[in-house]
A.B. asks: 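If you scroll down you'll find the structure; I have some questions about it.
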Number of protein chains: 2
Amino acid sequence: MQAPKLSIKPTNCHDCRMSTLCLPLAMEYGDLDRLDKVIQRTKPLHKNQSVFYAGDAFSSVYAIRSGSIKAYCVSDDGTEQVTGFYLPGEIFGWDGIADDTHKNTAVALETTAVCEIPFNKFEELSASIPTLQRHFMQLMAREITSDQQLITLLGKNSAEERIASLLLSISGRLGRRKLSPTRFRLPMSRADIGNYLGLTVETVSRVFSRFQASGYIKCDKKEVEILNLSGLSNLVQTCAEA
Amino acid sequence: MQAPKLSIKPTNCHDCRMSTLCLPLAMEYGDLDRLDKVIQRTKPLHKNQSVFYAGDAFSSVYAIRSGSIKAYCVSDDGTEQVTGFYLPGEIFGWDGIADDTHKNTAVALETTAVCEIPFNKFEELSASIPTLQRHFMQLMAREITSDQQLITLLGKNSAEERIASLLLSISGRLGRRKLSPTRFRLPMSRADIGNYLGLTVETVSRVFSRFQASGYIKCDKKEVEILNLSGLSNLVQTCAEA
DNA sequence: ACAGAGAATTGATCTACATCATGGAGATGA
DNA sequence: TCATCTCCATGATGTAGATCAATTCTCTGT
């Protein structure tokens with residue numbers, strides 16, 4: 001099966017300017033043409049297609065225009081570990097910078113359009129735009145911060161706290177992109193959520209049911225509506241929200 | 001109590017050149033004098049002294065000359081989460097790059113000497129040494145990789161696997177610095193280990209006892225000798241070793 | 001339209017680890 | 001020197017979530 005051909009305008013990637021990386025740049029420099037040379041819009045991926053595989057040579061990072069991405073790595077015995085979910089406007093793919101080899105596989109959870117940012121061109125550009133480099137580091141640092149929050153979550157928190165935290169994280173990230181923070185479709189399966197949060201599918205499912213029974217959320221499969229945001233927040237204890 | 005005044009030679013920080021950041025630079029550029037302008041040796045810290053606190057403004061990253069550092073963040077309800085241990089030659093402190101504020105508190109686990117690398121000077125320098133910037137990103141990326149390994153560990157692995165993994169990590173890191181990888185002193189308490197690995201002190205203690213009974217290690221309090229390295233390795237399943 | 005695979009929910013049972021509790025061994029300080 | 005404190009070890013008990021199992025629901029492809 002080929003990816004369904006979505007109609008792509010042959011213009012440059014304006015949506016990507018909304019991404020964490022590009023928006024501040026565009027605002028600071030108003031120098032969109034230079035950015036356009038660096039950022040390439042690629043063909044949309046359909047569900048389960050990979051952007052890159054663990055072990056692939058690292059050459060680019062990616063910004064999500066629409067859809068969503070799951071990143072996971074595979075251990076020796078073949079078990080997968082989901083390391084992150086990425087939503088529209090977010091950047092992924094730096095897991096390869098350390099030694100030019102991707103540690104994760106990145107796969108589309110649904111039909112997804114990404115922009116590719118070739119890293120070498122990016123480096124050239126950042127030599128002439130000094131704060132670009134800083135922006136980039138900030139984004140990496142944000143990844144570190146969010147990983148460390150996940151570590152806290154996994155080390156200390158109960159199943160309910162972990163799931164509440166994930167729902168709030170997604171809610172907040174969608175809200176930041178001007179998407180509805182209270183009604184959304186979870187792009188990932190219960191199994192992915194469980195894998196990510198160190199829980200089994202059954203536990204995830206039970207917690208969703210309990211949350212629904214307690215009136216925190218209303219949910220039908222992947223469609224979720226948060227009914228009691230502050231109630232959910234009270235369940236969670238995190239290292240100072242990012 | 002004041003920190004005991006250790007005798008410090010007023011020379012520049014040569015030990016730091018052994019650090020992950022400086023060694024490759026020194027080798028590539030042989031331009032040690034420029035580095036010396038950037039890197040500052042600071043007074044040794046004694047046990048429990050902090051390098052920086054969560055909430056402090058971010059201005060520098062730090063390389064460890066000798067001793068060891070524990071990084072932890074504090075959640076709303078006051079509980080601590082250890083996010084990392086840093087050994088000689090390693091760099092810490094970038095948790096502040098995201099928004100110029102440290103997320104973690106860094107505290108000395110024993111008498112510890114660090115070198116301070118002011119970040120603004122570093123940025124200036126990296127403008128004229130293009131690959132310096134890349135080195136730095138690689139170090140951050142390594143932090144991301146190691147955080148993600150910890151996530152896998154916390155999400156999937158048993159108490160024994162977690163502790164075996166920590167012992168092997170420390171062993172490997174010491175080995176890389178030409179220190180004994182099989183006989184060392186754990187600088188952190190059982191409580192710190194438990195906190196870091198999402199276990200209780202009691203469980204940590206029991207696992208150490210079991211490892212000793214099984215002949216994997218010999219240990220007296222913090223002194224550890226690894227007797228069966230490959231045996232320990234077999235206990236662990238990780239995402240492709242870094 | 002139907003067959004088969006995968007996704008989700010719910011119940012019953014089991015277990016690894018947390019929790020509670022106690023005692024000892026080393027440090028630190030009056 | 002003794003009192004206090006922190007760290008570590010180990011035993012007894014409880015529990016959250018894993019595991020095993022069964023059912024329904026929803027996609028996918030022919």
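Below, chain A is the first sequence line, B the second, and so on; all start at residue 1.
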A.B. asks: Using whole Å, what does the distance between atom P of nucleotide C:dA8 and atom CE of A:M188 come to?
C.D. replies: 11 Å
A.B. asks: Taking atom types as modelled and ignoring hydrogens, do the side chains of B:D95 and B:H102 form a donor-acceptor contact shorter than 3.5 angstrom?
C.D. replies: yes
A.B. asks: Side chains of B:S169 and B:R173: any donor to acceptor distance under 3.5 Å?
C.D. replies: yes
A.B. asks: What's the closest nucleotide to the side chain of B:S205 if the choices are D:dC8, C:dC17, D:dG17?
C.D. replies: D:dC8
A.B. asks: Would you say B:K218 has more than 12 foreign heavy atoms packed within less than 6.0 Å of its NZ?
C.D. replies: no
A.B. asks: Tell me, with the steps shown, if A:K47 and A:E110 meet salt bridge (charged side-chain N to carboxylate O under 4.0 Å, His left out).
C.D. replies: CA-CA 4 Å; A:K47 189 174 172 175; A:E110 59 196 313; over 6 Å; no
A.B. asks: For residues 208-226 of chain B, which residues have at least one heavy atom under 4.0 Å from DNA chain C?
C.D. replies: none
A.B. asks: Taking the side chain of A:V201 as its heavy atoms from C-beta onward, which of C:dT9, D:dT10, C:dC17 lies nearest to it?
C.D. replies: C:dT9
A.B. asks: Just say parallel, tilted or perpendicular for the rings of A:Y62 and A:F92, cut-offs at 30° and 60°.
C.D. replies: parallel
A.B. asks: Specify the residues of residues 189-196 of chain B, ordered by number, for which at least one heavy atom lies under 4.0 angstrom from an atom of DNA chain C.
C.D. replies: none
A.B. asks: Specify the separation, in whole Å, of atom CG of A:L197 and atom C1' of D:dG17.
C.D. replies: 14 Å
A.B. asks: Using five pairs at either end of the helix from C:dA1-D:dT30 to C:dA30-D:dT1, determine the angle between the two local helix axes and round it to 10 degrees.
C.D. replies: 50°
A.B. asks: Send over the distance from B:L154 CG to C:dC17 P, rounded to a whole Å.
C.D. replies: 13 Å
A.B. asks: Tell me if the CZ atom of A:R183 is crowded by more than 12 foreign heavy atoms within 6.0 Å.
C.D. replies: no
